[in-house]
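Residues: numbered from 1 along the sequence shown.
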Amino acid sequence: MENNKNIAWYSILKPSWYVDQMKGWTKRSYILLLLGVGLIAGMTIGAGKFNSITIATMFAGILGFTCTLSITNAKPLNGILGMVSALIYIVVAINAKNYNDVLLQSVYILTLDLPVLLMPAWAKDVKKKVRFLNESGHGLRNWSLTILFFVLVLAATYYSDTHWFISPRPWVDSIAATIGITGSILTTLRFSESYYCWLIQGCFSVILWLITALQGDSSYVLLVTYVLYLTNDLIAFFDKNVSWFHHKQYHQVATKAANIAN
């Protein structure tokens, strides 16, 4: 069983920690990981255009996809993988002029990656902390605050894309970033509804990077990567071995297993 020391930031220096973090995933997650890594690497190699951006895009896609799977399986591996992939994504997004995607990746680092690395207790027993917005009778308040946050962030991201950075795709870029930022906050607070955001944000990101690729500002690798993100979201929704949308069932099974063990 993991303890706080095993999740501390210095654990990332131990190869054994990575092996341990890859254990206990659902079967569907392992299959999806193999398919995703193979597809991203295969598309990059098959395109035959090797430069710093294409190689960076490939590594960002592989690390980012593995990161999302680790979040779905409630593994703090996402801390280091997420931070490295986000830093690479920032370089790629700047090159593609998707400036709010730069903001989005920065928020991911602050809300999803650094807490795992700097606050060990934050990443301990994640499966036991998952909850719904309407639990404890605070549904109306929680949903109202979530919607208000979304509207305010959307206004700010659209303004920045049209007045400061001048993105060629301001609406799609702003909406995708705002949904992702909202999802990251909900994930940080361990709300299951974050996966609604990830699903919708994935759709908008597919549209964003499709338009970007068609306009010649990036390859199709990131487009395919975000399609893979969508498949990971479906695992969270439908795989009953994942706690994000099935935490009541998960707790019941875990309790029963513990009672049998005792």
- prompt: Can you check side chain to side chain contact (heavy atoms under 4.5 Å, CB included) on W17 and L77, steps first, answer last?
  reply: CA-CA 9 Å; W17 182 78; L77 175 65; 3.8 Å; yes

message: Going by ring pair (Phe, Tyr, Trp, His ring centres under 6.0 Å), name the pairs with one or both residues in residues 61-99, residues two or more places apart or in two chains.
response: Y99-F165

- request: Measure the OG-CG distance between S144 and L148 for me, rounded to the nearest 0.5 Å.
  value: 8.5 Å

message: Quick check: closest heavy atoms across P168 and K97, and the distance to 0.1 Å?
response: CD-O, 3.7 Å

query: Is E193 reaching over with its side chain to a backbone N or O of L133, donor-acceptor style, under 3.5 angstrom?
result: yes

task: Measure the OG1-CD1 distance between T182 and I147 for me, rounded to the nearest 0.5 Å.
output: 10.5 Å

query: Ignoring hydrogens and geometry, is there a side-chain-to-backbone donor-acceptor pair from S194 to R190 under 3.5 Å?
result: no

statement: Value for CG (N95) from CD1 (I53), rounded to nearest 0.5 Å, stands at 4.0 Å

Could you go through residues 79-86 and list every donor-acceptor pair under 3.5 Å that involves a side-chain atom there, pairing it with any protein atom two or more places apart or in another chain?
residue	atom	partner	partner atom	Å
S85	OG	L81	O	3.0
S85	OG	G82	O	3.1

message: Is it the case that over 12 heavy atoms from other parts of the model lie below 6.0 angstrom from the CZ atom of F59?
response: no

field: Side-chain (K75) to main-chain (C67) donor-acceptor, under 3.5 angstrom
entry: no

query: Going by heavy atoms in the side chains, are Y226 and L230 under 4.5 Å from each other?
result: no

- line: For T188 and T111 the tightest heavy-atom approach is OG1-O, 2.9 Å

task: Not counting sequence neighbours, which residues clear side chain to side chain donor-acceptor pair (under 3.5 Å) with S205? List them please.
output: Q201

field: Closest contact, heavy atoms only, N100 versus D173
entry: N-OD2, 3.0 Å

task: Run the numbers on Y108 and W198 for ring pair (Phe, Tyr, Trp, His ring centres under 6.0 Å), then give the verdict.
output: CA-CA 12 Å; Y108 285 168; W198 297 136; 5.7 Å; yes

statement: Residues passing the ring-ring contact (aromatic ring centres under 6.0 Å, His included) test with W143, sequence neighbours excluded, are none

- prompt: What are the two closest heavy atoms between G183 and C197, and how far apart are they?
  reply: CA-CB, 3.6 Å

- prompt: Rounded to the nearest 0.5 Å, what separation is found between the CG atom of N73 and the CD atom of Q21?
  reply: 10.5 Å

message: Does any part of the side chain of I211, heavy atoms only, come nearer than 4.5 Å to the side chain of I207, both counted from C-beta?
response: yes

- prompt: With distance as the sole criterion, is a donor-acceptor pair present between the side chains of S29 and T26 under 3.5 Å?
  reply: yes

query: What residue pairs, at least two apart or across chains, pass ring pair (Phe, Tyr, Trp, His ring centres under 6.0 Å) with a residue in residues 18-45?
result: W25-Y30

- prompt: If we ignore angles and hydrogens, is there a donor and acceptor under 3.5 Å between the side chains of Y159 and S174?
  reply: no

message: Atom CG of residue position L140 - does it have more than 12 heavy atoms of other residues, nucleotides or ligands inside 6.0 Å?
response: no

- request: Nearest 0.5 Å please: distance from the CD1 atom of I179 over to the CG atom of L154.
  value: 8.5 Å

message: Using the rule side chain to side chain contact (heavy atoms under 4.5 Å, CB included), only one of T72, V37, T231 pairs with L32; which is it?
response: T231

field: Residue pair S184, T187: steps toward the side chain to side chain donor-acceptor pair (under 3.5 Å) verdict
entry: CA-CA 5 Å; S184 69; T187 299; over 6 Å; no

message: I need the minimum non-hydrogen distance between Y229 and G61, along with the two atoms involved.
response: OH-O, 4.5 Å

query: Got a sec, which residues hit ring-ring contact (aromatic ring centres under 6.0 Å, His included) with F204, two or more places apart in sequence or on another chain?
result: none

- prompt: When rounded to the nearest 0.5 angstrom, what distance separates CD1 in I90 from CG in L103?
  reply: 9.5 Å

- line: Between T44 and T54, the two heavy atoms sitting closest are CG2-O, 4.0 Å

